[in-house]
Amino acid sequence: MSHDSTDEASEAAHHPRPQFRRQEWLDLCGTWQFAFDDSDEGTERRWFDDPRFDATIHVPYPPESKLSEVHDPSFHPVLWYAREVEAPQLRADQRLLLHFGAVDYHATVWVNGEHVGEHLGGHTPFTFDITEALSSERERQLVVVRAEDQPRDASQPRGKQTTSEEPRGIWYDRTSGIWQSVWLETVPMLHMTGLRWTTDIENDLIHLDVTLNQAPATKRTVTVRLSVDGVLHTEQSATTSCRTTRVSIGIDSLRNGHKTIMWSPDAPNLVDAEVVLEADGGLLEDRAQSYLGLRSVGFRDGLFLLNGHPYYLRMVLEQGFWPESHLTAPSLDALRREVELIKRLGFNGVRIHQKIEDPRFLYWCDRLGLVVWSEFPAAFEYSPTAVSRTVHEWVEAVERDLSHPSIVAWVPLNESWGVPKIATSKQQQAFATAMYHLTKALDPTRLVISNDGWEHTISDIWSVHDYTPSGASIRGRYHTREAVHRTLYEAGPGRRKVMLLDDERAGQPVMITEFGGLSYAHELDGKWAGYATVDSSDELRDGVKELIDAITDSPEISGFCYTQLTDTQQERNGLLTEDREPKLPMDVLRAIISRPSRAIPAEDVDAYRRANRRAQDEKED
């Protein structure tokens with residue numbers, strides 16, 4: 001079952017918000033005026049009234065990157081942007097919204113010299129209604145942005161952005177200021193501000209929660225129309241006088257004989273949606289296009305479940321970093337190609353590492369079929385400020401992305417970054433546990449990992465980071481239930497205990513969610529040496545195969561995540577170069593990565609059937 005027509009797919013892939021699209025929007029990416037403000041004098045000197053910046057920048061690329069055309073990676077804590085915009089003509093019953101996909105870290109925005117709002121957080125979107133700041137006396141409206149990104153503030157969630165002047169070890173060049181889309185959108189006076197899709201497979205229901213910008217003065221009708229392959233299958237309405245209302249639809253209305261409608265990496269079926277807001281008498285007020293996927297996730301008997309069945313996760317660590325553009329993809333096509341490369345390698349999932357990824361990357365994961373673990377970028381100290389900032393932005397990240405069917409797990413913390421004393425500190429343990437429960441409160445439909453890699457408090461998946469270069473070590477630590485128990489509760493592979501609490505295992509899967517990291521010794525040239533080195537492509541092939549064979553041979557391990565997809569600056573341990581060229585033939589890697597696992601015996605049958613289908617296809621050709 002296809003998602004939609006080619007035109008609609010292209011529209012969704014290019015829209016900054018693929019699951020919530022209106023027709024009337026204007027892309028503001030491109031050339032802006034730009035200035036560094038190292039002495040932080042711009043606000044006092046009112047640069048927002050009359051900016052006269054000598055430099056320009058290509059938005060949305062960060063100023064540290066080549067594609068920004070600034071390409072200055074040194075410390076500049078305060079950045080200013082300005083652009084004159086020809087705003088669309090508004091009717092009396094319309095508003096104009098200014099959207100930012102992400103600005104790192106503290107953004108302040110003025111329109112025509114009028115302060116319209118601020119946002120704290122470098123990885124999540126924000127929106128301002130700028131209607132009242134528009135000037136009829138100006139042919140073009142002036143938008144000014146001040147972005148403050150303190151490079152050494154350890155309480156600021158920053159992920160793998162270096163706090164040093166130069167990237168080193170596993171830390172990369174910074175991505176400051178505007179680094180995702182900026183756009184204008186014309187909306188009605190009363191309009192939708194949020195769409196949240198959830199599926200209740202057990203009760204055969206789809207739920208859509210629609211949020212308005214305010215509670216309507218009189219009752220309104222919200223109508224949802226769901227289509228498959230361009231054919232309308234069902235329509236459901238609800239009347240509301242509240243700011244948020246729920247529309248529920250029976251899944252049976254989408255079924256067509258025995259053809260599956262469930263979403264999975266092997267069958268990424270999506271359902272198109274149109275959501276309409278109407279006043280009395282059927283008068284149209286607002287309309288948006290969206291999509292959803294039907295799937296469930298869970299765990300049982302030590303196995304990850306997708307749509308109620310055991311599913312072996314073969315993931316790869318994705319830094320989402322490009323040499324010429326840093327955390328911003330160099331093009332929209334690059335986002336699609338990234339997903340396609342991951343699938344061609346034989347992986348069925350991706351662990352996005354220390355980054356809240358562009359929604360259009362998640363769109364391609366939804367559409368092409370790739371499960372996602374979404375992980376929050378860490379702060380690097382434990383303090384009240386770091387806790388507050390992490391909680392605030394994590395809530396925004398979950399709310400932004402919880403409708404994507406590809407996301408199956410949330411990871412608020414990784415490797416005790418930001419909670420360095422969690423092994424002994426009850427306070428930091430309470431924070432990790434609180435993040436788990438907070439995430440479950442926001443989204444009970446997905447699995448949550450409190451602290452990926454080690455020192456878990458409570459998690460739905462017990463994940464381990466193990467960078468041994470030896471398959472024999474993997475077999476010794478994970479091939480029997482007794483060995484796994486020792487690995488979890490005694491000395492862990494990273495000199496840290498994996499499970500901090502003595503809770504009994506209640507069916508949680510055990511996965512090795514970082515391993516490998518093999519680098520060519522001759523390519524290092526003084527760069528960070530990674531976790532293990534090899535001298536040739538044959539050794540790389542044999543090393544990857546030895547580790548993945550050892551993991552998939554274990555009946556106790558239900559998935560893995562290989563480190564990593566691409567070389568990233570000085571961290572040269574990818575399966576691909578930083579220019580996305582494979583270091584080994586793709587079919588060789590795919591055969592290694594897709595090897596059937598002992599944990600799910602049915603994978604042997606699946607592999608046999610796939611081989612038969614390929615042979616039949618070749619015979620017919």
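- A pairwise comparison of heavy atoms in Val276 and Arg225 identifies CG2-NH1, 3.4 Å as the closest pair.
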Practice task
Take Arg174 and Asp104, measure what salt bridge (charged side-chain N to carboxylate O under 4.0 Å, His left out) needs, and give me the verdict at the end.
Solution key: CA-CA 10 Å; Arg174 287 171 298 282; Asp104 200 353; over 6 Å; no

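- Residue Ser241 comes nearest to Lys219 through the heavy atom pair CB-CG, 4.0 Å, listed as atom of the first residue, atom of the second, then distance.
- Side-chain atoms of Arg243 come within 3.5 Å of backbone atoms of Leu212 as a donor-acceptor pair (strictly under, hydrogens ignored).
- Annotation: the span from Phe347 atom CZ to Tyr562 atom OH amounts to 8.0 Å, rounded to 0.5 Å.
- Within the 4.5 Å cutoff, the side chain of Leu303 has heavy atoms near those of the Ser558 side chain.
- With hydrogens and angles ignored, the 3.5 Å screen pairs no side-chain donor or acceptor of Thr221 with any backbone N or O of Thr239.
- Interatomic distance, Glu393 CD to Tyr105 OH, rounded to the nearest 0.5 Å: 6.0 Å.
- Side chain of Arg351 to backbone of Thr513: a donor-acceptor contact under 3.5 angstrom is found.
- Put simply, the side chain of Gln161 gets close to the backbone of Thr175: a donor and an acceptor are under 3.5 Å apart.
- Taking the six-membered ring for Trp and thresholds of 30 and 60 degrees, Trp417 and Phe380 have ring planes inclined between 30 and 60 degrees apart.
- Between Tyr291 and His404, the ring-plane angle classifies as perpendicular under the 30° and 60° cut-offs.
- The shortest side-chain heavy-atom distance between Asp149 and Leu79 does not fall under the 4.5 Å cut-off.
- Checked options Val350, Ile407, Asp452, Ile352; the residue passing with Trp373 is Asp452 (criterion: side-chain contact (heavy atoms from CB on, under 4.5 Å)).
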Practice task
Kindly indicate, with the supporting measurements, whether the criterion side chain to side chain donor-acceptor pair (under 3.5 Å) is fulfilled by Thr163 and Arg158.
Solution key: CA-CA 9 Å; Thr163 57; Arg158 67 178 64 253; over 6 Å; no

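- Phe100 has its side chain out of reach of His119: every pair of non-hydrogen atoms, C-beta onward, lies at least 4.5 Å apart.
- The backbone N or O of Ser374 sits nowhere less than 3.5 Å from a side-chain atom of Lys355 that would complete a donor-acceptor pair.
- Considering Val387, Thr390, Thr385 as possible partners of Ser155, the one that fulfils the side-chain contact (heavy atoms from CB on, under 4.5 Å) test is Thr385.
- Inspection of the Gln319 and Gln564 side chains reveals an N or O donor paired with an N or O acceptor under 3.5 Å.
- Remark: Glu415 does not engage Arg496 in a salt bridge, criterion side-chain N to carboxylate O under 4.0 Å.
- Salt bridge present: Arg95 and Glu132 bring a charged side-chain N and a carboxylate O closer than 4.0 Å.
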Problem - side chain to side chain contact (heavy atoms under 4.5 Å, CB included) between Arg146 and Trp110, worked out - result: CA-CA 9 Å; Arg146 176 188 183 273; Trp110 295 263; 3.7 Å; yes

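- Counting only heavy atoms from C-beta outward, the side chains of Pro405 and Leu270 approach each other to under 4.5 Å.
- Checked against a 6.0 Å centroid threshold, the rings of His326 and Trp179 do not count as neighbours.
- Between the Arg17 side chain and the Phe20 main chain, a donor and an acceptor come within less than 3.5 Å of each other.
- Here the CE-CZ distance, from Met192 to Arg220, works out to 12.5 Å after rounding to the nearest 0.5 Å.
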Practice task
Go through the steps for Asn451 and Thr457 under the test side chain to side chain contact (heavy atoms under 4.5 Å, CB included), then give the verdict.
Solution key: CA-CA 8 Å; Asn451 184 23; Thr457 57; over 6 Å; no

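- Between the side chains of Trp171 and Ser164, no donor-acceptor pair is found at a separation under 3.5 Å.
- For the pair Val143/Trp32, a side-chain contact is recorded, criterion being any heavy-atom separation below 4.5 Å from C-beta on.
- Here the shortest heavy-atom pairing between Gly293 and Thr199 reads O-CG2, 3.9 Å.
- With no hydrogens or angles considered, a side-chain donor-acceptor pair links Ser459 and Ser450 at under 3.5 Å.
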Problem - Full working for side chain to side chain contact (heavy atoms under 4.5 Å, CB included) between Trp410 and Leu442 - result: CA-CA 11 Å; Trp410 300 113; Leu442 294 170; over 6 Å; no

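- With Asp200 contributing its side chain and Leu205 its backbone, the two residues share no donor-acceptor pair below 3.5 Å.
- With hydrogens and angles disregarded, no donor-acceptor distance shorter than 3.5 Å links the side chain of Glu357 to the backbone of Leu362.
- Taking each heavy atom of Leu447 and Val297 in turn, the nearest pair found is N-CG2, 4.2 Å.
- Of all heavy-atom pairs spanning Gln354 and Gly159, the tightest one is OE1-CA, 3.3 Å.
- Between the side chains of Ser416 and Glu455, at least one donor N or O sits under 3.5 Å from an acceptor N or O.
- Between Asp153 and Arg389 a salt bridge is recorded (basic side-chain N to carboxylate O distance below 4.0 Å).
- Interatomic distance, OG1 of Thr162 versus CD of Gln569, reported as 9.0 Å (0.5 Å rounding).
- Using modelled atom types, one side-chain atom of Asn213 and one backbone atom of His191 make a donor-acceptor pair closer than 3.5 Å.
- Judged by distance alone, the side chain of Ser463 and the main-chain N or O of Met511 form no donor-acceptor pair under 3.5 Å.
- How far NE2 of His456 is from CE of Met499: 6.0 Å, rounded to the nearest 0.5 Å.
- Counting heavy-atom neighbours within 6.0 Å of Gln23 CD, excluding the residue itself, gives a total of 12 or less.
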Practice task
For side chain to side chain donor-acceptor pair (under 3.5 Å), just list the numbers for Trp394 and Thr439, CA-CA rounded to whole Å, side-chain angles, deciding distance to a tenth of an Å, and then say yes or no.
Solution key: CA-CA 9 Å; Trp394 178 240; Thr439 309; 2.8 Å; yes

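- Within the 4.5 Å cutoff, the side chain of Tyr172 has heavy atoms near those of the Glu571 side chain.
- Residues Arg400 and Ile356 approach most closely at NH2-CG2, 3.6 Å, considering heavy atoms.
- Within the 4.5 Å cutoff, side-chain heavy atoms of Leu565 are placed close to those of Ile342.
- Going from atom OG1 of Thr245 over to atom CG of Leu208 covers 9.0 Å, rounded to the nearest 0.5 Å.
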Exercise for the section: Apply side chain to side chain contact (heavy atoms under 4.5 Å, CB included) to the pair Leu402 and Arg446, showing each step before the final yes or no. Expected result: CA-CA 9 Å; Leu402 52 75; Arg446 290 178 175 86; 3.9 Å; yes

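- By the 4.5 Å heavy-atom criterion applied to side chains, Leu413 and Tyr436 are not counted as neighbours.
- Checking Leu277, Thr244, Leu195 one by one against Val210, the side-chain contact (heavy atoms from CB on, under 4.5 Å) holds for a single residue, Leu195.
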